[in-house]
Structures are given as structure tokens and as C-alpha cells.
2 protein chains.
Amino acid sequence: MKTKNKTRNLILGLLCESPLSGYEIKKIVDSRFSFFWSESFGQIYPVLEKMKEDGVILETESANTSGRRKIRKYEITPEGIAEMTFWLTEPVEKETVRYEILLKLFFSNLVSPEVMIEHIREFQRNHRKQQLLFDGFEKELTNTIHLHNNHPQVLMTLLFGQKVYKAYDEWCTEAIDLLRKIKPEQECAT
Amino acid sequence: MKTKNKTRNLILGLLCESPLSGYEIKKIVDSRFSFFWSESFGQIYPVLEKMKEDGVILETESANTSGRRKIRKYEITPEGIAEMTFWLTEPVEKETVRYEILLKLFFSNLVSPEVMIEHIREFQRNHRKQQLLFDGFEKELTNTIHLHNNHPQVLMTLLFGQKVYKAYDEWCTEAIDLLRKIKPEQECAT
DNA sequence: TTAGGCATGTAACCCGTTACATGATTTG
DNA sequence: CAAATCATGTAACGGGTTACATGCCTAA
């Protein structure tokens, strides 16, 4: 039962709450998980097929609603719940992050400081957009408190995002300041 | 010239400073880049071969020193420097992070809070170890100031690590506190 | 009517890890 | 001598993205 496939666990987790289609899974990930997870259709659909074969989920031919294209809804089986709870107890694997922005920064003495400043500004802009979304989520959650039994857990993931993104933001500001102090003659090439 | 292969850029960057072997590249990444980058031998050696073919690096048959096994040293070519500077000016691609710990947390109402508390403790321990290394690096750097012309850039990557890991650490403490407050009857299953 | 969102799926490709094989040299 | 470390390499595999193909429905 050694599941390296995290997509599989994501799907199992979502289906623990309610049956969903592949399309809906993707939408949920894109909207609520985007700051710590991502999935593509090219991954989701084949994995769903495999999971059906393995008997951890089953298709609940949930209607051809109003002559629309067939929507394949899936629900979790007891085997699926067992697999999910097993995975939850397994230790978290060491994540292998790769911050392209830090790699560029590390070697950025090959180009003018302005280049790197612009990269960091862009990074800061993108992450500030996400920070605004955090605030929205938080309000949404405090309004619907106790509606979901995983409410505290959701808040905690949010808290993670808020703290880390705040750290990103502060770093961006400081890094830009530091880069501005670098004299052009210290460069290697342009 | 659309390089998606980041390993290639890492190698180019390192070779800008001095010629290196595949083994040395791996050691540098493991020791100094580990908190924001990772590489495996199975990736490095084939990429080096490909880069040689493409003429961005060349092998400088750096001696069979004292009858030892042949060490293949590589140095960068002008084409390699051009490729690297081009990549540095290209925008940073949106990173797709996947925090397994947050995915587990999000769905952790399926198991007892103690399970998740232990995962977070482990996460905190691992990252605190790295935080100690940051302090060591910093001292090392302040001693050798001005020895390398990318000194400020290195310090900035370090600053990033320090800020983000501090955010991790604070979150861990708060999250564990919050999890302790969850009453067992709020769970779904065990 | 056409653009865009809903919905599913596949093929090609790349990226990267793991595991293994090989062999030399150093150190206990 | 055995174990660890230095050093290079390959094969197998899996994970994941991108791009494409298909088709339906709704709203401008």
C-alpha cells in the first residue's frame, strides 16, 4: 500500500466529503488549494480511472442532467477511506522545493541589478494578489463556522499561507532595497 | 533557446565561477542550496553530456591525479555564458508547490488530532535543524566578505530562508496549539 | 452565430528519482 | 581487510504538464 501518487490522496480526501466529478475536483484545487497544491486534467482523469479499477472509488452515473453532456461523478468506497486514513498516518515526505527565483538571484551578478529587481517585484505582485484572496477566504470561513467538521484544519492551512506569504512579502521589500545598493561596477557582465 | 531544464541553468551558473565535476556540483547543491534546490546524480550526468554536445560547456580532462579514477571537469563556454545571461533575464516561472503537510492537515479530521500534531512536530524539528545551518552560513559569509562578487546575492537567498523558516516555525507552534484544542468528538473516524 | 464555459479524455514529452553497477582510493 | 567515500554512469519507472481533440450548452 505504498502510495507515492499524491493526486490520488487529494482525490480521496475530497471524495470523503461528497461525490465529485473530475472537472469539479480541478475547480476546487484551482480555487481553494491553489496556494499549496496544483493538478492538471491530464493527471486527474487517468488517475480517476485507475482508482476505479482499484476499487477505492466508484462511478455513480449521476444523470445526464437536462440533455447535457454526461457528467461522471465518483464516490469513495470503504477501501478508499481505509487507504486515505492509512496515508494520513504515514509520515510526511521531505518536500523538494525548487525556488527558481532564488536560483536566479544567486547567479544574478551576471546581469544588471535592475533585472533581478524586476523579477522580485513581479514575484511580490503575484503573491500580494494571493494574500488578498486569503483575507476573502478567512471571512467566508468565519461566516460559515461549524458548517464543516474540518473547519479548524482549513483555517490552519490558511494561517500557513498568510504567515509564509507575509514572510515572502517582507523579503521582497528588503531584497529590492539591498539590490538597489549594489553598485553597477560590482557586476560581471551585462 | 527556450530552456525549461532548470538543472541545466544551475550547472551553467555554478560553472560561471569555476570548472567543476558532476560530483562536485552535487555536493555544492546538497550543502549550500539544499533549502531551495535539489539535484540527483541521475539527472546531473546525462544533462552534462547533453550540454557538452550543445557546446555550452566543455570537458577539460583535468588529470588522472595520482592514479585516481578519472575526474571529468567541465568549464563553461561563451555560448554557455550567453545562454545563462539570457535565462537570467527571462521572467521567473510560476512555481507549482505541493505541501504534502497542508494536504494532510486539510483532510486530517479523518484521524485523531495527535497524528497531525506528530507530523507537524517532525516538520518543525527538520526545519529547525536547517535554521541552525543558516546561522552557520551567515557567519561564514560575514567572515569572507568581498571574496566573491556575488556575496550580496548569496546573503539575500539566506535571508529568504531565514524569514520563511521563521514563518514555518511560528506556524508549527500555533498549529499544534490549535490542534490540541480540538475535541476528540469532533472527529469523523479513527 | 460565435465565443466561452462546462466536461472528458489522450498522446507526447520531459523531468526527476531510485536503484543498480562499476571501480578506485582512503581510513580504521 | 572491510567499510566508507570518491566518482561516474545507466535503466526503469513514475509523475506531471502541455497540447490537442471532442462535443454540448448558454449568453452576448
Side-chain angles (χ1 to χ4, degrees), chain A residues 2-11 19-31 33-34 36-54 57 59-74 87 93-98 100 103, chain B residues 2-11 19-31 33-34 36-54 57 59-74 93-100 103:
Chain A
K2 42 170 219 159
T3 324
K4 301 220 96 189
N5 192 331
K6 312 244 170 104
T7 301
R8 189 170 165 124
N9 296 115
L10 166 91
I11 293 172
L20 295 168
S21 66
Y23 195 82
E24 288 170 319
I25 289 166
K26 167 81 169 147
K27 292 293 115 174
I28 292 170
V29 172
D30 284 354
S31 63
F33 288 43
S34 65
F36 72 88
W37 208 262
S38 68
E39 291 293 348
S40 62
F41 285 125
Q43 185 75 351
I44 291 171
Y45 288 116
V47 169
L48 279 170
E49 198 51 37
K50 178 73 175 16
M51 290 169 79
K52 201 171 75 176
E53 281 171 35
D54 294 348
I57 60 173
E59 205 181 320
T60 67
E61 213 58 66
S62 157
N64 220 319
T65 347
S66 65
R68 211 184 187 130
R69 183 177 180 167
K70 190 169 64 183
I71 297 169
R72 295 173 185 275
K73 287 252 188 185
Y74 297 92
W87 175 72
E93 282 175 44
K94 211 202 157 297
E95 81 267 30
T96 56
V97 279
R98 283 181 146 202
E100 189 190 331
L103 196 63
Chain B
K2 43 170 221 161
T3 324
K4 300 219 96 188
N5 192 330
K6 313 247 172 99
T7 300
R8 189 170 165 125
N9 296 116
L10 167 91
I11 293 172
L20 295 167
S21 67
Y23 195 82
E24 287 170 319
I25 289 166
K26 167 81 168 146
K27 292 294 115 175
I28 292 171
V29 172
D30 284 353
S31 62
F33 288 42
S34 64
F36 73 88
W37 208 261
S38 68
E39 292 294 348
S40 62
F41 285 126
Q43 185 74 351
I44 290 170
Y45 289 117
V47 169
L48 279 171
E49 198 51 37
K50 179 72 174 18
M51 290 168 79
K52 201 171 75 176
E53 281 170 35
D54 294 348
I57 60 172
E59 207 181 318
T60 68
E61 214 56 68
S62 157
N64 220 318
T65 348
S66 66
R68 211 188 187 126
R69 182 176 180 171
K70 189 169 65 183
I71 296 168
R72 296 175 184 272
K73 287 253 186 182
Y74 297 91
E93 282 176 45
K94 210 199 157 299
E95 81 266 30
T96 57
V97 279
R98 284 182 144 200
Y99 284 99
E100 188 189 331
L103 197 64

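Labels below follow one simple rule: chain letters A, B, ... track the order of the sequence lines, proteins then strands, and each chain is numbered from 1. Fair warning: this is a prediction, and the values are worked out from it, not measured in the lab.
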If the condition is ring-ring contact (aromatic ring centres under 6.0 Å, His included), which residues does A/Phe33 pass it with, not counting sequence neighbours? A/Phe36, B/Phe106
Value in whole Å for how far the C1' atom of D/dC6 lies from NZ of B/Lys27: 8 Å
Which residues pass the ring-ring contact (aromatic ring centres under 6.0 Å, His included) test with B/Tyr99, not counting sequence neighbours? A/Phe160
I need the CD-P distance between A/Glu100 and C/dC15, as an integer number of Å. 13 Å
Evaluate B/Glu39 against B/Lys6 for salt bridge (Lys or Arg N to Asp or Glu O under 4.0 Å), listing each step before the verdict. CA-CA 10 Å; B/Glu39 292 294 348; B/Lys6 313 247 172 99; over 6 Å; no
With sequence neighbours excluded, residues passing side chain to side chain contact (heavy atoms under 4.5 Å, CB included) with A/Asp54: A/Arg8, A/Lys50
Side chain to side chain contact (heavy atoms under 4.5 Å, CB included) partners for B/Glu59, two or more places apart: B/Lys52, B/Glu61, B/Arg72, B/Tyr74
Distance check needed: C/dG9 P versus A/Glu24 CD, whole Å only. 14 Å
Which nucleotide in the list D/dT8, D/dG15, D/dT10 gets nearest to the side chain of A/Asn5? D/dG15
Identify, with sequence neighbours excluded, every residue that meets salt bridge (charged side-chain N to carboxylate O under 4.0 Å, His left out) alongside A/Glu95. none
Send over the distance from B/Asp30 CG to C/dG16 C1', rounded to a whole Å. 14 Å
ring-ring contact (aromatic ring centres under 6.0 Å, His included) involving A/Tyr23 - partner list, sequence neighbours excluded: A/Phe41
With sequence neighbours excluded, residues passing side chain to side chain donor-acceptor pair (under 3.5 Å) with A/Ser38: none
Quickly work out the A/Glu93 CD to C/dG16 P distance and round it to whole Å. 17 Å
As a test of reading the structure: which of D/dG9, D/dT8, C/dG16 is closest to the side chain of B/Thr7, going by heavy atoms? C/dG16
For A/Trp37 and D/dT17, give me the distance from atom CH2 to atom P, rounded to whole Å. 10 Å
Is any side-chain nitrogen or oxygen of B/Tyr45 closer than 4.0 Å to OP1 or OP2 of D/dT8? yes
Students should find that the end-to-end axis angle of the helix from C/dT1-D/dA28 to C/dG28-D/dC1, with five pairs defining each axis and rounding to 10 degrees, is 30°
Is a donor from one side chain sitting under 3.5 angstrom from an acceptor on the other, for A/Ser40 and A/Gln43? no
Provide, to the nearest angstrom, the distance between the CD1 atom belonging to A/Ile71 and the P atom belonging to D/dG23. 18 Å
In whole Å, what is the span from the NZ atom of B/Lys50 to the C1' atom of D/dT10? 18 Å
Identify all pairs in which a protein N or O lies below 3.5 Å from an N or O of nucleotides 17-20 of chain C, and state each distance.
residue, atom, partner, partner atom, Å
C/dT17, OP2, B/Ser40, N, 3.3
C/dT17, OP2, B/Ser40, OG, 2.8

A/Tyr23 side chain near C/dC6 phosphate (N/O to OP1/OP2, under 4.0 Å): yes
